[in-house]
Amino acid sequence: MVQGAGGWPLGWCWGAALAALLLCALPAMAQQSAGEQCVTVAEQDYSDAFRFQPSAAHDDLVARLPANVRIRSIRYQRFSVFNMEDPEENSTLYRWANELHSITREWVLEDQMLLREGDVFEPRRAEESERILRNLRFIYDARVRPWRWCGDVVDVEVLTRDIWTFTPSLSLSRSGGENAYAIGFRDANFLGTGKQVLVEYDSDEERAGYTLLYADPALFGSRWQMRARYTDNDDGYDHGLRLEKPFFSVYEPWSAGTSLDSQKLEEKLWFRGDEVSEFDHEREQYRVYGGLAADVQVDQRVNRWLLGYNYEAHSFGFSDSDIPPAQLPEDRDYSYPYIGFQSVEDKFAELHNFDYLGRTEDVFVGERYTWTLGYSAEGLGATRDQLAFSGGYSNTLLADDRQFWVVGSQLSGFFGVSDQELENFWWEVETRYQYKQSERWALFSGLRLDYTDGLTDDNQLTLGGSNGLRGYDLHYQVGDRSFVWNIEQRYYSDWHPFRLLRVGFAAFVDVGRAWYENRDNGSNGGVLANAGFGIRLNSSRAEKGSVIHIDFAFPFVRDDDVDDVQVLFTVKERF
């Protein structure tokens with residue numbers, strides 16, 4: 001036997017040391033066991049979790065958590081596009097689609113989270129993390145919730161569900177008597193990395209060309225975002241690069257960014273839906289901007305100071321068009337530093353069957369306003385000395401289970417220091433009201449007023465087609481001011497054909513007019529009106545932010561150049 005010091009066998013020495021260590025550790029182990037009385041929420045049924053059904057047990061656990069409890073672990077459950085445990089979706093086609101789909105990588109979700117292991121668990125940060133994840137183009141829905149509580153620590157789970165993001169771009173639309181189409185492919189979540197890639201050829205009433213686009217929502221895993229665009233059109237080009245760290249959340253203390261844009265296109269001016277002149281327009285813009293935020297206030301309002309520098313150059317030339325203008329717009333340059341202020345309330349409501357069909361919507365229900373003021377000076381390379389200004393205000397006046405009423409206004413333009421005249425001043429006021437008659441029926445009304453002053457010859461205020469009066473050609477009426485009122489009876493059906501599309505319907509009336517204060521606007525220049533009906537298609541598996549509108553509109557006030565019916569195929573961001 002091997003002898004240790006003092007003649008004791010070495011094995012006995014090791015045994016005695018181990019026994020002493022265990023005896024000393026027993027009280028601590030007993031205390032730890034007593035303190036580890038964990039509350040664990042049973043795992044939610046897979047199909048309920050896939051559909052993001054509410055869980056009373058998880059909500060109860062959030063309510064029971066004490067202050068300053070820390071996050072011990074975060075686990076991720078990532079659902080694919082189709083639910084294989086649902087008999088109606090467990091088919092060869094949908095299984096094949098899941099296998100081809102690259103599910104979002106876990107680190108992509110981690111990059112977007114406002115919570116980290118070791119942080120204090122804050123329900124408001126969990127809710128905002130949900131909104132950030134849902135705002136990603138490739139995430140259908142998201143939940144961030146605790147599932148186990150042990151003393152002063154909590155375990156959190158993140159549930160997300162992907163949408164199908166690799167899609168061929170094959171589309172056809174018609175609005176205001178004009179056709180448009182696109183062909184190509186795009187992927188908003190390339191190989192599950194969250195990167196967006198687009199290769200497309202599109203053609204509309206103004207131009208046709210190729211577009212390449214790449215966007216990264218978390219550059220190298222940071223809060224910085226990048227977007228690069230290259231477009232080559234038959235009438236010019238459109239190139240852009242943007243790198244920015246935005247106010248990612250209400251808790252972000254600062255933002256910064258820069259952008260470069262270069263465009264050449266054939267600009268068109270309109271009257272009664274017809275092109276009346278065409279000319280080349282080259283535009284260069286360079287921006288550097290940033291902001292500093294104060295701490296979130298008690299009423300969940302955050303105030304931010306904004307600052308930056310903007311340079312714009314506009315030049316014009318005759319194109320090869322058969323309808324050149326009598327006189328080209330004057331070239332102009334703007335160059336100005338600016339300062340601004342922004343105030344935002346952190347108030348959101350989770351709604352369903354509002355702007356979309358059958359999915360969770362994070363709708364802003366607070367107040368926010370922004371203003372900026374700059375000085376565009378000849379000494380900085382501008383055409384003339386001007387004040388550059390912009391502002392915006394919106395506020396939700398009603399937001400409950402049945403009513404939603406929001407008002408808003410925004411304006412922008414330039415004011416000449418020497419001549420004291422406005423240039424490209426545009427002021428818009430809008431209000432929208434929606435009354436939920438039941439779970440599936442809703443009455444919507446919207447009113448928009450526009451006023452302009454000093455528009456340069458390359459800018460127009462127009463009305464018709466998809467921007468308000470659906471019974472008339474695109475750009476039918478022109479003016480320096482306009483109003484349009486829309487009222488719709490909406491129906492959000494539960495029809496879900498092939499588990500791919502959700503279907504809604506609308507009956508509508510539009511009334512509006514665009515006109516000049518002291519200038520003849522030609523025949524049929526008075527108040528116009530139309531009625532019609534439409535179908536709304538919202539994909540439940542792809543194109544989360546797009547609602548397909550198929551509308552049939554019948555004009556009440558007609559002239560020789562007005563068709564009996566307008567058929568519109570458009571894609572919008574709202575129902």
Side-chain angles (χ1 to χ4, degrees), residues 175 347-367 393-410 428-450 463-472 482-496 501-513 527-540 544-557 565-575:
S175 174
K347 291 184 179 180
F348 288 84
E350 289 188 11
L351 303 179
H352 294 80
N353 287 341
F354 184 68
D355 283 335
Y356 307 108
L357 294 98
R359 73 176 39 170
T360 303
E361 302 177 51
D362 298 303
V363 179
F364 180 76
V365 294
E367 179 192 48
Y393 176 84
S394 69
N395 194 10
T396 305
L397 304 182
L398 279 175
D400 56 35
D401 293 340
R402 303 193 68 177
Q403 298 183 90
F404 183 83
W405 182 19
V406 62
V407 297
S409 178
Q410 55 187 5
E428 178 184 295
V429 179
E430 183 179 21
T431 179
R432 302 192 310 274
Y433 175 79
Q434 182 161 310
Y435 176 70
K436 291 294 290 288
Q437 298 144 315
S438 66
E439 180 182 359
R440 304 207 172 275
W441 289 92
L443 183 67
F444 170 86
S445 179
L447 175 66
R448 190 183 77 242
L449 309 173
D450 287 270
L463 193 61
S466 60
N467 74 339
L469 286 173
R470 285 164 277 194
Y472 299 84
S482 71
F483 81 90
V484 60
W485 174 66
N486 313 105
I487 185 168
E488 290 188 359
Q489 177 62 62
R490 297 176 171 180
Y491 177 65
Y492 303 83
S493 79
D494 59 356
W495 188 22
H496 195 190
L501 292 170
R502 294 194 178 275
V503 184
F505 303 93
F508 57 84
V509 173
D510 306 324
V511 180
R513 184 192 180 197
V527 176
L528 304 178
N530 63 256
F533 61 91
I535 302 171
R536 305 291 180 258
L537 303 175
N538 192 190
S539 174
S540 60
K544 182 174 64 172
S546 300
V547 181
I548 300 172
H549 288 228
I550 306 172
D551 288 320
F552 301 84
F554 305 89
F556 295 152
V557 184
V565 59
Q566 286 281 354
V567 182
L568 299 90
F569 297 87
T570 55
V571 178
K572 298 186 177 183
E573 295 183 353
R574 295 177 181 169
F575 189 100

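By convention here, the first residue in the shown sequence is residue 1.
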Under 3.5 Å donor-acceptor, N530 side chain and G471 backbone: yes
Mutual orientation of the aromatic rings belonging to F552 and F533 [parallel < 30°, tilted 30-60°, perpendicular > 60°]: parallel
CG on D510 to CH2 on W485, rounded to 0.5 Å: 9.5 Å
Nearest-0.5 Å distance, CZ of residue R502 to OH of residue Y356: 15.0 Å
Side-chain donor-acceptor pair present, Q410, Y393, cut-off under 3.5 Å: no
Closest heavy-atom pair and its distance - E350, T360: OE1-CG2, 3.9 Å
Reported CZ-to-OG distance for the pair F569 and S466, which is rounded to 0.5 angstrom: 14.0 Å
Distance (rounded to the nearest 0.5 Å) between N467 CG and T570 OG1: 11.0 Å
Closest approach of G534 to F508 (non-hydrogen atoms, all atoms of both residues): N-CE2, 4.1 Å
Test item: D551 side-chain N/O and L568 main-chain N/O as donor-acceptor pair under 3.5 Å: no
Worked check of side-chain contact (heavy atoms from CB on, under 4.5 Å) between F348 and V363: CA-CA 5 Å; F348 288 84; V363 179; over 6 Å; no
Full working for side-chain contact (heavy atoms from CB on, under 4.5 Å) between V527 and V557: CA-CA 8 Å; V527 176; V557 184; over 6 Å; no
Check: D355 main-chain N/O paired with E361 side-chain donor or acceptor under 3.5 Å: yes
Side-chain touch V511/L528, heavy atoms, less than 4.5 angstrom: no
Residue pair N395 / V406, side-chain heavy-atom distance below 4.5 Å: no
Over 12 non-hydrogen atoms of neighbours within 6.0 angstrom of CG in D401: no
Spatial distance of atom OG (S482) from atom CZ (R448) [nearest 0.5 Å]: 6.0 Å
Check: L443 and I487 side chains under 4.5 Å, non-hydrogen atoms: yes
Output field: ring centroids F404/F354 closer than 6.0 Å: yes
R490 vs W441 side-chain heavy atoms within contact, under 4.5 Å: no
For the student: nearest non-hydrogen atoms of L501 and S539, plus distance: CD2-CA, 3.8 Å
I550 vs L537, side-chain contact (heavy atoms from CB on, under 4.5 Å): CA-CA, chis, key distance, verdict: CA-CA 8 Å; I550 306 172; L537 303 175; 4.3 Å; yes
Contact summary for N353 and Y492, nearest pair of heavy atoms: O-CZ, 3.3 Å
N/O donor-acceptor pair under 3.5 Å between S493 side chain and G504 backbone: no
Given R574, K572, R536, the one that forms side-chain hydrogen bond (donor to acceptor under 3.5 Å, both in side chains) with H549: R536
Residue list, side chain to side chain contact (heavy atoms under 4.5 Å, CB included) with F556, at least two apart or on another chain: A529, A531
R359-H352 side chain donor-acceptor pair, cut-off 3.5 Å: no
Non-hydrogen atoms of A442 and K436 that approach each other most closely: CB-CD, 3.6 Å
For the student: nearest non-hydrogen atoms of A506 and F575, plus distance: CB-CE2, 4.3 Å
Under 3.5 Å side-chain donor-acceptor pair for Y435 and R402: yes
Distance-only donor-acceptor check, side chains Q403 and Y433, under 3.5 Å: yes
Partner set under side-chain hydrogen bond (donor to acceptor under 3.5 Å, both in side chains) for Q489, not counting sequence neighbours: Q437
Heavy-atom side-chain contact between L463 and V484 under 4.5 Å: yes
Side-chain donor/acceptor of S409 to backbone N/O of E428, under 3.5 Å: yes
W405 versus T396, side-chain donor and acceptor atoms under 3.5 Å: no
Main-chain N/O of G468 paired to N486 side chain as donor or acceptor, under 3.5 Å: yes
Working for side-chain contact (heavy atoms from CB on, under 4.5 Å), residues S546 and E573: CA-CA 5 Å; S546 300; E573 295 183 353; over 6 Å; no
